[in-house]
Peer 1: 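One structure coming up, written as structure tokens, with questions to follow.
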Amino acid sequence: MARRIDVTGTGGVRLAAWEFGDPPKTDPAGSDPAPDGSPGVLLLHGLMGRASHWAPTARWLSARYRAVALDQRGHGRSDKPPQGSFTRDAYVDDAEAALEQLGLAPVVLIGHAMGALTAWQLAARRPDLVRGLVICDMRASALGAASQREWDQWFKSWPLPFATLADVRKWFGEDDPWVERPNPARGEFYVEVMAESPDGWRPVFEPEQMLRSRETWVYDAHWEELAQVQCPALVVRGLDGELGRAEAQEMVRVLPRGQYAEVADAGHLVHYDQPEAWRAAIEPFLDSLDRD
């Protein structure tokens with residue numbers, strides 16, 4: 001089960017955080033999180049994702065940590081202000097504010113894709129708040145203008161609205177031109193970010209806001225912030241993901257305390273494609289943090 005906790009991000013944006021546990025750790029009155037000494041973990045989803053994508057990971061983490069996943073601005077059930085800021089600083093500021101309001105620090109940050117970039121930028125900025133970092137399938141190199149144009153065209157290719165969730169599963173799992181072979185897990189991933197509207201099923205996010213978010217990192221490289229991360233850090237890639245082995249290993253080299261892991265038979269959605277193999281990849285790293 002998950003318990004919603006509203007926190008306030010930069011500029012007053014309301015963010016939905018989800019604490020996982022069975023039951024979530026609360027005080028005797030059942031209101032605020034209990035200061036029971038459990039170390040904290042904050043999970044940050046990628047672009048277009050939502051906190052619920054972390055549910056399987058958060059549930060096993062909750063046996064030993066206070067595990068919280070954040071719906072980032074523009075995503076899930078957090079605010080999507082039409083004129084809001086979707087800069088890198090806004091995302092990092094939000095994560096910092098969430099950590100402090102939830103009382104999770106010093107925390108282990110686990111991020112996927114855009115969430116991983118936010119995690120390592122926060123770890124570089126505020127080493128006092130972060131004791132460990134897991135980076136899942138996010139590149140440090142600049143992706144460039146061509147990549148942004150491809151994403152713009154991809155969003156325009158979506159056959160919205162979808163008539164049924166079965167249509168969502170089929171398009172994102174089979175028919176999407178970006179799918180090289182049938183991928184049911186990918187179809188389920190996108191089902192989770194759809195909501196029913198009067199004319200059918202549409203994403204809970206605004207594609208234009210996703211492009212605005214993305215354009216704040218695709219033109220720049222992010223090696224400098226990696227080099228500033230002082231805590232132990234694990235770089236995880238899916239063998240069929242977007243982060244290549246050579247770049248991942250260079251990221252490990254640049255990180256002052258970097259480690260490397262890879263997950264077979266996984267694409268970009270590593271934790272979603274292969275949840276058990278993902279757990280096997282990161283659990284030894286988490287064990288090592290707890291021994292320190």
Side-chain angles (χ1 to χ4, degrees), residues 43-49 53-54 72 74-75 86-92 95 109-125 130 132-155 176-180 183 185-186 189 210-229 231-274 277-278 281-282 285:
L43 300 120
L44 299 173
H45 61 74
L47 189 74
M48 301 181 294
H53 285 138
W54 287 116
Q72 297 177 79
H75 297 76
F86 291 91
T87 65
R88 280 283 80 226
D89 282 344
Y91 281 104
V92 176
L109 291 176
I110 301 178
H112 173 244
M114 178 190 75
L117 176 59
T118 298
W120 88 61
Q121 290 180 328
L122 177 55
R125 179 200 290 182
V130 185
L133 172 67
V134 178
I135 296 168
C136 180
D137 218 68
M138 179 62 189
R139 300 184 61 184
S141 299
L143 301 181
S147 173
Q148 189 71 350
R149 287 194 298 271
E150 289 171 0
W151 273 71
D152 185 25
Q153 291 303 311
W154 179 59
F155 278 129
D176 182 352
W178 285 13
V179 175
E180 295 181 359
N183 186 341
R186 188 175 188 268
F189 182 94
M210 299 301 98
L211 287 172
R212 282 165 55 195
S213 298
R214 196 173 185 273
E215 72 183 4
T216 67
W217 86 74
V218 296
Y219 303 117
D220 300 314
H222 307 285
W223 298 96
E224 183 177 350
E225 296 102 321
L226 276 180
Q228 295 169 359
V229 174
C231 65
L234 177 68
V235 177
V236 184
R237 61 178 289 267
L239 289 189
D240 299 317
E242 297 179 7
L243 175 61
R245 179 179 284 119
E247 183 171 353
Q249 292 177 343
E250 180 63 11
M251 291 168 66
V252 172
R253 188 192 68 79
V254 168
L255 285 159
R257 302 171 68 184
Q259 302 176 39
Y260 175 75
E262 59 187 28
V263 178
D265 299 319
H268 178 57
L269 307 175
V270 182
H271 59 300
Y272 213 80
D273 284 346
Q274 299 291 340
W278 157 253
I282 71 170
F285 174 75

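Computed from a predicted model, the values in this text were never measured in an experiment.
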Peer 1: Determine, for Glu242 against Arg139, whether the closest basic-nitrogen to carboxylate-oxygen distance falls under 4.0 angstrom.
Peer 2: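 No salt bridge links Glu242 with Arg139.
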Peer 1: Can you find a heavy atom in the side chain of Asp176 that is under 4.5 Å from one in the side chain of Arg186?
Peer 2: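 With C-beta onward as the side chain, the pair touches.
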Peer 1: Looking at Cys136 and Ala116, what are the two nearest heavy atoms and their distance?
Peer 2: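 Looking at all heavy atoms of both residues, the closest pair is N-CB, 3.9 Å.
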Peer 1: Hey, are the side chains of His112 and His45 touching, using non-hydrogen atoms and a 4.5 Å cut-off?
Peer 2: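 Heavy-atom side-chain distance check fails, nothing below 4.5 Å.
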Peer 1: Taking atom CG of Asp240 and atom CD of Glu262, what is their separation to the nearest 0.5 Å?
Peer 2: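 It comes to 10.5 Å.
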Peer 1: Mind checking the CG-CZ spacing from Asp273 to Phe189? Nearest 0.5 Å is all I need.
Peer 2: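 Reported value, rounded in 0.5 Å steps: 9.5 Å.
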Peer 1: Does the pair Arg125/Asp89 count as a salt bridge with the N-to-O cut at 4.0 Å?
Peer 2: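 The answer is yes: the pair qualifies as a salt bridge.
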Peer 1: To check you understand the geometry: which heavy-atom pair defines the closest contact between Val263 and Gln274, and what is its length?
Peer 2: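 So the minimum-distance heavy-atom pair works out to CG1-CB, 4.0 Å.
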Peer 1: Could you report the tightest heavy-atom contact between Ala123 and Val130, atom names first, then the distance?
Peer 2: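 That closest heavy-atom pairing would be CA-CG2, 3.9 Å.
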Peer 1: Below 4.5 Å, heavy atoms only, C-beta onward: do Trp151 and Leu143 meet side chain to side chain?
Peer 2: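 The answer is no; the side chains never approach within 4.5 Å.
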Peer 1: Would you compute the distance between atom CE of Met48 and atom CZ of Arg214 and round it to the nearest 0.5 angstrom?
Peer 2: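 One finds 9.0 Å between CE of Met48 and CZ of Arg214.
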Peer 1: List the atom of Ala227, the atom of Pro256, and the distance in Å for their closest heavy-atom pair.
Peer 2: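 So the two residues come closest at O-CG, 3.4 Å.
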Peer 1: Do Met251 and Trp223 have side-chain heavy atoms sitting under 4.5 Å apart?
Peer 2: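 In short, these two side chains touch, coming nearer than 4.5 Å.
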Peer 1: For the residue pair Leu109 and Thr118, establish whether any side-chain heavy-atom pair is separated by less than 4.5 Å.
Peer 2: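 SC-SC contact between Leu109 and Thr118 ruled out.
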Peer 1: Do the side chains of Phe86 and Glu215 get nearer than 4.5 Å, heavy atoms only?
Peer 2: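 Side chain of Glu215 against side chain of Phe86, heavy atoms only: no contact under 4.5 Å found.
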Peer 1: With side chain to side chain contact (heavy atoms under 4.5 Å, CB included) as the test, would you mind laying out the steps for Leu47 and His75 before giving the verdict?
Peer 2: CA-CA 8 Å; Leu47 189 74; His75 297 76; 4.2 Å; yes
Peer 1: Run the numbers on Val235 and Leu243 for side chain to side chain contact (heavy atoms under 4.5 Å, CB included), then give the verdict.
Peer 2: CA-CA 10 Å; Val235 177; Leu243 175 61; 3.9 Å; yes
Peer 1: Between Tyr91 and Gln121, does the side chain to side chain contact (heavy atoms under 4.5 Å, CB included) criterion hold? Intermediate values first, please.
Peer 2: CA-CA 10 Å; Tyr91 281 104; Gln121 290 180 328; over 6 Å; no
Peer 1: About how many Å separate CD of Glu225 and CD of Gln228, when rounded to the nearest 0.5 Å?
Peer 2: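 Gln228 atom CD to Glu225 atom CD measures 6.5 Å (nearest 0.5 Å).
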Peer 1: Distance from His271 atom NE2 to His53 atom NE2, nearest 0.5 Å?
Peer 2: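 Here the interatomic distance stands at 7.0 Å.
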Peer 1: Might you point out which heavy atoms bring Ala233 and Leu255 nearest each other, and give the distance in Å?
Peer 2: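 Where Ala233 meets Leu255 most closely, the heavy atoms are CB-CD1, 3.9 Å.
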Peer 1: Can a side-chain donor-acceptor contact be found between Ser213 and Arg88 if the only test is distance below 3.5 angstrom?
Peer 2: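 Checked: Arg88/Ser213 side chains show no N/O donor-acceptor pair below 3.5 Å.
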Peer 1: Please round to the nearest 0.5 Å and tell me the distance separating atom CG of Leu133 and atom CD1 of Ile110.
Peer 2: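 Rounded to the nearest 0.5 Å, the CG-CD1 separation comes to 9.5 Å.
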Peer 1: I'd like to check Leu122 versus Leu44 (side-chain heavy atoms, cut-off strictly below 4.5 Å). Are they in contact?
Peer 2: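 They are not in contact (no side-chain heavy atoms under 4.5 Å apart), so the answer is no.
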Peer 1: Closest heavy-atom contact between Gly238 and Asp137?
Peer 2: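 Looking at all heavy atoms of both residues, the closest pair is N-OD1, 3.4 Å.
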Peer 1: Any side-chain heavy atom of Met138 sitting closer than 4.5 Å to one from Trp217?
Peer 2: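 With C-beta onward as the side chain, the pair touches.
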